[in-house]
Colleague: 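Quick one: the structure is below, and I'll ask about it shortly.
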Amino acid sequence: MRFLEEVLVSADVILWKRKNVTVSILLVTLAAWVVFEKSGYTLLSLVSSVFLLLIIILFLWAKAASILNRPAPPLPDLHLSEEMVNEVANFIRLHVNTLLSVSQDIALGKDSRLFFKVAAYLWLIYFVGGLTDFLTLGYTSLVIILTIPALYEKFEDHIDKYGILSCRKLQQLYVKLYQDYIRRVQKWILEKKKLS
């Protein structure tokens with residue numbers, strides 16, 4: 001039940017039914033993207049700097065508190081239960097084993113179709129990665145995820161109408177290309193086979 005509620009909340013955010021949340025997400029990510037782009041920071045260097053600052057503040061607070069006979073900084077009891085660690089480890093183990101099994105099938109040539117799918121996706125990732133950095137890709141993806149579904153829902157009738165028209169035009173183009181070029185090539189190949 002809780003999972004369904006989370007999915008519905010996510011759908012509301014993506015479809016702009018909770019405009020304040022969606023706009024907040026877009027503005028915060030835009031601000032983060034601008035800060036990262038202009039400052040030259042990377043995510044790792046920023047997280048490292050924040051943790052370093054946090055550790056220094058807590059260390060100085062604890063030392064000052066002991067000198068001034070004040071209580072130490074209030075920190076929660078930080079620990080992981082064995083049950084939680086076992087659940088996470090089991091979850092990761094199952095998914096890694098599935099990935100390894102699929103990878104083995106691909107490497108041994110058992111599933112050619114999956115091989116071509118994986119190769120195509122890896123090439124696409126390689127191509128997109130060469131065009132942009134990870135931060136810009138993440139921001140662009142978020143903007144697309146938060147705008148395209150909402151625009152489609154708003155202009156669904158127009159988009160469907162033009163989509164159907166485009167599909168028909170592409171089918172006509174395919175038929176024309178097939179008749180003009182592909183059929184000729186097939187006839188030429190058949191003639192070559194007959195001659196040899």
Side-chain angles (χ1 to χ4, degrees), residues 1-65 72-80 84-85 87-89 91-92 94-96 98-99 102-103 116-163 165-167 170:
M1 184 68 178
R2 179 154 170 78
F3 176 73
L4 183 61
E5 290 172 1
E6 290 175 7
V7 169
L8 292 176
V9 168
S10 299
D12 287 348
V13 170
I14 290 173
L15 295 174
W16 290 69
K17 292 182 180 174
R18 294 183 171 197
K19 289 182 182 180
N20 56 345
V21 175
T22 306
V23 169
S24 299
I25 290 171
L26 281 174
L27 290 177
V28 166
T29 54
L30 176 64
W33 180 74
V34 168
V35 165
F36 279 119
E37 284 294 315
K38 295 299 179 187
S39 70
Y41 267 114
T42 62
L43 182 62
L44 185 60
S45 63
L46 180 70
V47 169
S48 173
S49 299
V50 168
F51 278 138
L52 178 62
L53 183 63
L54 179 66
I55 295 256
I56 290 171
I57 290 171
L58 289 174
F59 178 79
L60 292 176
W61 186 352
K63 287 298 181 184
L75 290 176
D77 189 21
L78 303 172
H79 72 279
L80 295 174
M84 182 188 302
V85 171
E87 285 179 22
V88 170
F91 177 80
I92 291 171
L94 288 172
H95 284 80
V96 167
T98 302
L99 177 69
V102 169
S103 299
F116 287 114
K117 276 185 183 177
V118 169
Y121 281 122
L122 288 174
W123 180 82
L124 182 65
I125 291 169
Y126 167 79
F127 180 74
V128 170
L131 296 175
T132 183
D133 61 302
F134 185 72
L135 187 65
T136 303
L137 179 64
Y139 176 71
T140 307
S141 300
L142 182 71
V143 169
I144 289 171
I145 288 170
L146 291 178
T147 55
I148 299 296
L151 289 173
Y152 177 75
E153 185 180 50
K154 188 173 183 177
F155 302 108
E156 186 175 357
D157 296 334
H158 299 294
I159 292 171
D160 287 346
K161 181 176 94 176
Y162 289 115
L165 288 174
S166 299
C167 188
L170 285 173

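Atoms considered below: every heavy atom in the structure, side chains included; atoms not considered: hydrogens, waters and symmetry mates. Here the structure is a predicted model, which means the values were calculated and not measured.
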Colleague: Kindly list each side-chain donor-acceptor pair under 3.5 angstrom involving residues 18-31, sequence neighbours excluded, with atom names and distances?
Modeller:
residue : atom : partner : partner atom : Å
Thr22   : OG1  : Val13   : O            : 2.6
Thr22   : OG1  : Arg18   : O            : 3.2
Ser24   : OG   : Asn20   : O            : 2.6
Thr29   : OG1  : Ile25   : O            : 2.8
Thr29   : OG1  : Leu26   : O            : 3.0

Colleague: Could you grab the distance from atom OG1 of Thr147 to atom CD1 of Ile14, nearest 0.5 Å is fine?
Modeller: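 Thr147 atom OG1 to Ile14 atom CD1 measures 11.0 Å (nearest 0.5 Å).
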Colleague: Rounded to the nearest 0.5 Å, how far does CG of Leu146 lie from CG of Leu142?
Modeller: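 Atom-to-atom, Leu142:CG and Leu146:CG are 4.5 Å apart.
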Colleague: For a quick test of your reading: what N or O donor-acceptor pairs under 3.5 Å do the side chains of residues 49-57 make, sequence neighbours left out?
Modeller:
residue : atom : partner : partner atom : Å
Ser49   : OG   : Ser45   : O            : 2.9

Colleague: When you compare the side chain of Phe155 with that of Leu151, does any pair of heavy atoms fall below 4.5 Å?
Modeller: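 They are in contact (side-chain heavy atoms under 4.5 Å apart), so the answer is yes.
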Colleague: Taking the side chain as C-beta and beyond, is there a heavy-atom pair between Val128 and Leu137 under 4.5 Å?
Modeller: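 Yes. Closest side-chain heavy atoms under 4.5 Å.
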Colleague: Quick one: pull up CH2 in Trp33 and NZ in Lys38 and give me the separation to the nearest 0.5 Å.
Modeller: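 So the CH2 of Trp33 and the NZ of Lys38 are separated by 7.5 Å.
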Colleague: May I ask you to test the Phe36-Thr136 pair for a side-chain heavy-atom distance under 4.5 Å?
Modeller: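 Result no, sub-4.5 Å side-chain heavy-atom pair not found.
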Colleague: Is it the case that the side chains of Asp157 and Tyr162 hold a donor-acceptor pair, with the cut-off being a distance below 3.5 Å and no angle test?
Modeller: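 Note: Tyr162 and Asp157 side chains miss the donor-acceptor criterion.
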Colleague: Going by heavy atoms in the side chains, are Lys17 and Glu153 under 4.5 Å from each other?
Modeller: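 They are in contact (side-chain heavy atoms under 4.5 Å apart), so the answer is yes.
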